[in-house]
Amino acid sequence: MPDTVTLLIEPVPADAVDFDLDATLREVDAAAPALRVGELSTQRGDGVFETLAVIDGHAQETGPHLERLRNSALICELPEPNLAQWRAAIDRAVSALPDDGEWALKLVLSRGVEHGPTPTAWLHAARANDFTAVRERGVAVVTLDRGYAHDAAEQAPWLLLGAKTLSYATNMAALREAHRRGADDTIFVSSDGFVMEGPTSSVILRHGDVYSTPAPSGAILHGTTQQSLFEHLAATGRATEYRDIPVAELRTADAIWLVSSVRLAVGVTRLDGTSVAVDAAETRAFNDYLRSPRD
Ligand code: PLP
């Protein structure tokens, strides 16, 4: 069984039904050159992506990830992806992977080569980092200013907020700043004082027995893991809410989690140098649910 699977995808129009699927997917060696120098994904970060987990042979939340890929493409004015084609590519990759362990499967749709006729698309699956320890131990977090207000998406749609674009350089810079400050991760706060998200995760707070997360205003990415967890919490009788969360509420929360597709749920242990109450049992329960097969 391979350690990685990489497929180049020749995108077909969103409404195409009658096409030779096999002819549009080509497996390539991840170590060999596959992209052209003029590729706008590498030159300008001009494209969108998704990362989903494959756990014990099951691709998690494929539907929500594909819907978000479609939404990101719409925001970026890229050609609408044919979701049946992407789903088939995911199925092809998963069937080539071992049916145990955790894998990160990345989907990329870029604007292609400048003035080129079509977007470029590919899928790459590789073994996920081992997050067992951090899921148990949790993360120390610092808050960092995102540099815009929580309603910035409406004021400046060209910022493409709410789309999962390839331009993650600022998110990575924020993580480096968090590390410089002695923390593991960061929670972005808006310039007008509201909780937003992590650079690669959504934020969930618990006050008493109510779970809350920032309203998906368009300035943050609507996380598939957060949505799935909220559905699970609601289905098991817990109260969940979306709202604008003032930064001060991070201090009054009974527990805080960062959640994302591959690392899953990690508890926040420290916030800006101050200890935060951690609910290890609930974090374990969250991760048991998140590791179970989810569509
Ligand atoms: N917010 C941002 C900015 C992200 O990059 C991610 C995931 O990478 C998330 C939230 C969490 O999204 P998901 O749960 O779909 O992985």
Side-chain angles (χ1 to χ4, degrees), residues 45 47-55 59-72 75-76 86 90 102-109 124-126 128-129 131 134-135 139 141 143-148 150 152-153 159-175 177-178 184-190 194-205 211-233 240 242 245 256-266 268 283 286-287 289-292 294-295:
V48 297
F49 78 104
E50 281 298 319
T51 304
L52 56 102
V54 179
I55 301 185
Q60 301 285 67
E61 299 283 328
T62 303
H65 280 285
L66 288 178
E67 281 305 327
R68 194 170 61 189
L69 184 75
R70 191 213 307 264
N71 189 49
S72 295
I75 294 172
C76 294
W86 282 93
I90 293 169
E102 298 189 19
W103 301 76
L105 194 155
K106 189 167 181 175
L107 314 175
V108 182
L109 175 64
H124 178 67
N129 292 335
F131 291 116
V134 73
R135 287 173 191 155
V139 284
V141 162
T143 51
L144 291 178
D145 188 347
R146 190 59 164 136
Y148 44 72
H150 77 296
L159 291 181
L160 307 176
L161 305 177
K164 197 166 166 66
T165 74
L166 290 168
S167 319
Y168 260 51
T170 53
N171 300 38
M172 297 302 108
L175 273 182
E177 179 62 22
D184 307 301
D185 210 328
T186 175
I187 293 177
F188 284 130
V189 300
S190 65
F194 293 96
V195 178
M196 299 189 88
E197 61 186 345
T200 61
S201 60
S202 309
V203 182
I204 296 177
L205 288 77
Y211 300 80
S212 58
T213 197
S217 63
I220 61 173
L221 195 71
H222 200 176
T224 60
T225 316
Q226 172 271 312
Q227 289 176 76
S228 173
L229 201 50
F230 267 31
E231 277 164 26
H232 170 69
L233 288 170
T240 61
Y242 288 97
I245 302 176
I256 306 171
W257 291 273
L258 298 181
V259 303
S260 52
S261 293
V262 181
R263 191 173 62 176
L264 305 181
V266 295
V268 173
T283 308
F286 282 178
N287 283 322
Y289 164 70
L290 292 171
R291 270 195 305 266
S292 69
R294 293 176 291 123
D295 287 318

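All of these numbers come straight from a predicted model, not from anything done at the bench. All ligand and atom numbering here is 1-based and tracks the order in the structure.
Inter-residue side-chain proximity for Arg263 and Ser201 is flagged as met; some heavy-atom pair is nearer than 4.5 Å. Between Ser190 and Met196, some side-chain heavy-atom pair lies under the 4.5 Å cut-off.
The heavy atom nearest to atom 12 (O) of ligand 1, considering only Glu50, His222, Gln226, Arg68, is found in Arg68.
The CD atom of Glu61 sits 4.0 Å away from the OG atom of Ser228 when rounded to the nearest 0.5 Å. In this structure, the separation between OG1 on Thr240 and CG on Leu229 is 10.0 Å, given to the nearest 0.5 Å.
When only interatomic distances are considered, the shortest N/O to N/O separation between Lys164 and ligand 1 falls below 3.5 Å. Ligand 1 has no nitrogen or oxygen under 3.5 angstrom from a nitrogen or oxygen of Ser260. For ligand 1, none of its N or O atoms has an N or O atom of Thr51 under 3.5 Å away.
Residue contact annotation: Gly198 has a non-hydrogen atom under 4.0 Å from ligand 1.
Close approach to Ser201 involves these atoms of ligand 1, each under 4.0 Å from a residue heavy atom: 1 (N), 2 (C), 4 (C), 6 (C), 9 (C), 10 (C), 11 (C). Ligand 1 places these atoms under 4.0 Å from at least one heavy atom of Gly223: 12 (O), 14 (O), 15 (O).
If you check which protein heavy atom lies closest to atom 16 (O) of ligand 1, you get Ser261 OG, 2.7 Å. In terms of protein heavy-atom proximity, atom 5 (O) of ligand 1 is nearest to Tyr168 OH, 2.5 Å. Closest protein heavy atom to atom 14 (O) of ligand 1: Thr225 OG1, 2.5 Å. Looking from atom 1 (N) of ligand 1 to the surrounding protein, the closest heavy atom is Glu197 OE1, 2.9 Å. Of the protein's non-hydrogen atoms, the one nearest atom 15 (O) of ligand 1 is Thr224 OG1, 2.7 Å.
Using the six-membered ring where Trp is involved, Trp257 and Phe286 have ring planes that are tilted, between 30° and 60° apart. Taking the six-membered ring for Trp and thresholds of 30 and 60 degrees, Tyr289 and His232 have nearly parallel ring planes, at less than 30 degrees apart.
The two residues Leu221 and Glu197 come nearest to each other via the heavy atoms N-OE1, 3.1 Å. Closest heavy-atom contact between Thr225 and Ser261: OG1-N, 3.1 Å.
Of the possible polar contacts, one joining the Arg68 side chain to the His222 backbone as a donor-acceptor pair under 3.5 Å is found.
With a heavy-atom cut-off of 4.0 Å, Pro199 touches ligand 1 through its backbone alone.
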